[in-house]
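In this text, all values refer to a predicted model and were calculated from it rather than measured experimentally.
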Amino acid sequence: MENTPVISGSEAVIRSLLAEGTETVFGYPGGTIMPVYDALYGYREQLNHILVRHEQGAVHAAEGYARVSGKTGVCLVTSGPGSTNTVTGLADALLDSTPLVVVSGQVGSALLGTDAFQETNFIGITQAVTKWNCQVKRAADIPAAIARAFYIARSGRPGPVVVDITKDAQQERAPFRYEKVTQIRSYTPCPKPDRDQLAEAARLIDQARRPLLLVGQGILTGGAEEELAAFMEKSGIPAACTLLGLSALPTDHPHYVGMLGMHGNYAPNIKNRECDLLIAAGMRFDDRVTGNPKQFGANAKIIHLEIDPSEVNKIVRADVPVIGDVRETLPLLTELIGRREHEAWIEEFRACYDTEYRKVIESELFPSTSAIRMGEVVYRAALAFDAEAVIVTDVGQQQMIAARYSRFRKSRSLITSGGLGTMGFGLPAAIGAKIGAPEREVCLFAGDGGFQMNIQELCTIMQTGAAVKMVVLNNGFLGMVRQWQELFFDRRYSFTEMQNPDFGLLAQANGIPYRRVEQREELEEAVKQLAESKTAFLLEVKVEQEGNVFPMVPAGAAVSEIRWA
């Protein structure tokens, strides 16, 4: 065609990203991706590039960006260590169904397989941690590869993909034509719902006397929050959220009964054994939710609404599997069911909450001891941000505390590492979340251990000016490991005590306002200062050293076997 431009493969990468609506890229330049970075120089007005300080930080930042915005996160990295540094983030994104496209440079085609400088078999390495990957050796193939990558990353159950491009393919010139991919033969990302399954599910719902709805992240990734609300309003069924499902419905919803799982709320865990019907919507029955799967929902029929057929019957057997996109299946189910109320049943959950409040919550939020507890810090922040902030967490005790005691009014308001439990996730993910939702406040909760794992990304905050509010809950331990050592290893604290740097000096070195709190009397004012800051802010709070997160379901136990201490 006369109007088809002939451009370099590196420029084809940039134009392809723009054709997919990409606005922000997280990355780190290097030798084999340098042609793409050279092409990016001419597109700085159209494409915002965030220079991270480590490639793992790039992937976690892209995850935070994707999770809060609903868009596909994009990374640019070089070959060898640049690409292998992304593997943890790719694994995290795969387990948590986060759509990512990682474009990696690779040595020239003639050097493949020669152990050339900074060569790794990145395709082989990432097969187990991606939804799809490919290697491109010709400039002419770049647009089609990237189009396919974006389609696979965000269709069906989302996930990460890798496009590995040799350096000579970036330097070659070829005609540029871009066509978005809308289907791939033999790939069915959204199976069509079975009407008979829907009818049977509706029959069970109408007959149930003690049903419970389990809300997973699939509601958020599928954009089905309104459909969920309509189903709940008509069915009258109480609902509990998985960790990653939090914020899919407001925490003050009259039918919301708490968080499921190991450190979840007492009511949904203990009532699990009394249910006659469990409806799982967009959740995969992770072991941290089910505990002993043989006892999970043992007295209940189970309806499983799931887009990925491989997740059905993998851990817990479904009596009625409803395969399809929850944004489609939930409204179909809502049409079929009758209008019901389950107020007496919901009241039983409220009574369980009262028990949990007396045993755990009251002493966590309003302690009588002199030591500051993690829960009261999170509670103060929830008040200061009026439940409007995006809460990002690292992994560990502060993660569970933040999930338990934060409050959510808007969807996509909790960004955390679920399936992989990646320490070091929080700081870069918070940066990505702030860039993905600049109009929202973003508050990170991190422990002193996890915060240090990607602490170099404070420099990214300095360079970008991302106004991330950071709370380091410093107990001088790897807290969750220490808790397990206390409970299950006779208090043998083997290498979990932390000697930490001066976080204030690190904040100062990166131009970030900082405050340290050791006395409860200072906490309210400090949290207010954090919330009202117009720039990034680091608040370090010295919390109880041997504080534990309760209630707790021991690993492998039934979710009803809850420990209070």
Measuring from atom CG of Leu538 to atom CD1 of Ile512, what distance do you get when rounded to the nearest 0.5 angstrom?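 CD1 of Ile512 is found 7.0 Å from CG of Leu538.
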Mind checking the CD1-CD1 spacing from Ile346 to Ile237? Nearest 0.5 Å is all I need.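 With rounding to 0.5 Å, CD1 (Ile346) is 9.0 Å from CD1 (Ile237).
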Side chains of [X] and [Y], donor plus acceptor under 3.5 Å:
| X | Y | result |
| --- | --- | --- |
| Gln456 | Asn454 | yes |
| Thr86 | Glu55 | no |
| Thr393 | Thr416 | yes |
| Gln399 | Arg404 | no |
| Ser69 | Arg412 | no |
| Arg482 | Asn548 | yes |

Please determine whether a side-chain nitrogen of the Lys or Arg among [X] and [Y] lies less than 4.0 Å from a carboxylate oxygen of the Asp or Glu.
| X | Y | answer |
| --- | --- | --- |
| Glu20 | Arg154 | yes |
| Arg516 | Glu522 | no |
| Glu347 | Arg350 | yes |
| Arg284 | Asp286 | yes |

Tyr37 ring center near His49 ring center (under 6.0 Å):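 Centroid distance Tyr37-His49: below 6.0 Å, so yes.
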For Phe26 together with Tyr65, are the ring centres under 6.0 Å from each other? yes
Is there a salt bridge (charged side-chain N to carboxylate O under 4.0 Å, His left out) between Arg373 and Glu364 once you walk through the steps? CA-CA 6 Å; Arg373 307 201 72 174; Glu364 184 68 36; 3.6 Å; yes
Criterion salt bridge (charged side-chain N to carboxylate O under 4.0 Å, His left out) on Glu388 and Arg440, from CA distance to verdict: CA-CA 8 Å; Glu388 297 279 353; Arg440 298 190 66 183; 5.5 Å; no
Enclosure of Glu341 CD (heavy-atom neighbours >12, cutoff 6.0 Å):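 At most 12 heavy atoms, drawn from other residues, nucleotides or ligands, come within 6.0 Å of this atom.
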Main-chain N/O of Phe445 paired with Asp394 side-chain donor or acceptor, under 3.5 Å: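 Judged by distance alone, no pair lies under 3.5 Å.
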Within the side chain of Asp325, is there an N or O that forms a donor-acceptor pair under 3.5 Å with the backbone of Arg327?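 Yes.
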Begin with the C-alpha distance, continue with both residues' side-chain angles, and end with the deciding distance and a verdict on salt bridge (charged side-chain N to carboxylate O under 4.0 Å, His left out) for Lys434 and Glu439. CA-CA 8 Å; Lys434 184 61 182 177; Glu439 75 287 355; over 6 Å; no
side-chain contact (heavy atoms from CB on, under 4.5 Å) partners of [X], counting only residues at least two apart:
| X | answer |
| --- | --- |
| Asp308 | Arg157, Glu306, Ser310, Glu311 |
| Pro254 | none |
| Arg380 | Leu523, Glu524, Val527 |

Please table the atom pairs, donor to acceptor, closer than 3.5 Å between any side-chain atom in residues 425-433 and protein atoms at least two apart or in another chain.
none

Can Asp386 and Arg409 be said to form a salt bridge (charged side-chain N to carboxylate O under 4.0 Å, His left out), step by step? CA-CA 9 Å; Asp386 197 24; Arg409 290 183 180 171; 3.2 Å; yes
State whether Tyr493 and Arg491 meet the cation-pi test: NZ (Lys) or CZ (Arg) under 6.0 Å from the six-membered ring centroid, and within 45° of the perpendicular axis.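 Cation-pi check for Arg491 and Tyr493: fails.
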Side-chain donor-acceptor pairs of residues 464-476 under 3.5 Å, sequence neighbours excluded:
| residue | atom | partner | partner atom | Å |
| --- | --- | --- | --- | --- |
| Thr464 | OG1 | Thr460 | O | 2.7 |
| Thr464 | OG1 | Ala466 | N | 3.2 |
| Lys469 | NZ | Glu441 | OE1 | 2.9 |
| Lys469 | NZ | Leu530 | O | 3.3 |
| Lys469 | NZ | Ala531 | O | 3.3 |
| Lys469 | NZ | Ser533 | O | 2.8 |
| Asn474 | OD1 | Gly476 | N | 3.0 |
| Asn474 | OD1 | Asn500 | ND2 | 3.3 |
| Asn474 | ND2 | Glu540 | OE2 | 2.8 |
| Asn475 | OD1 | Phe477 | N | 3.0 |
| Asn475 | ND2 | Gln397 | OE1 | 3.3 |

Side-chain donor-acceptor pairs of residues 217-226 under 3.5 Å, sequence neighbours excluded:
| residue | atom | partner | partner atom | Å |
| --- | --- | --- | --- | --- |
| Thr221 | OG1 | Gln217 | O | 3.4 |
| Thr221 | OG1 | Gly218 | O | 3.4 |
| Glu225 | OE2 | Ser411 | OG | 3.2 |

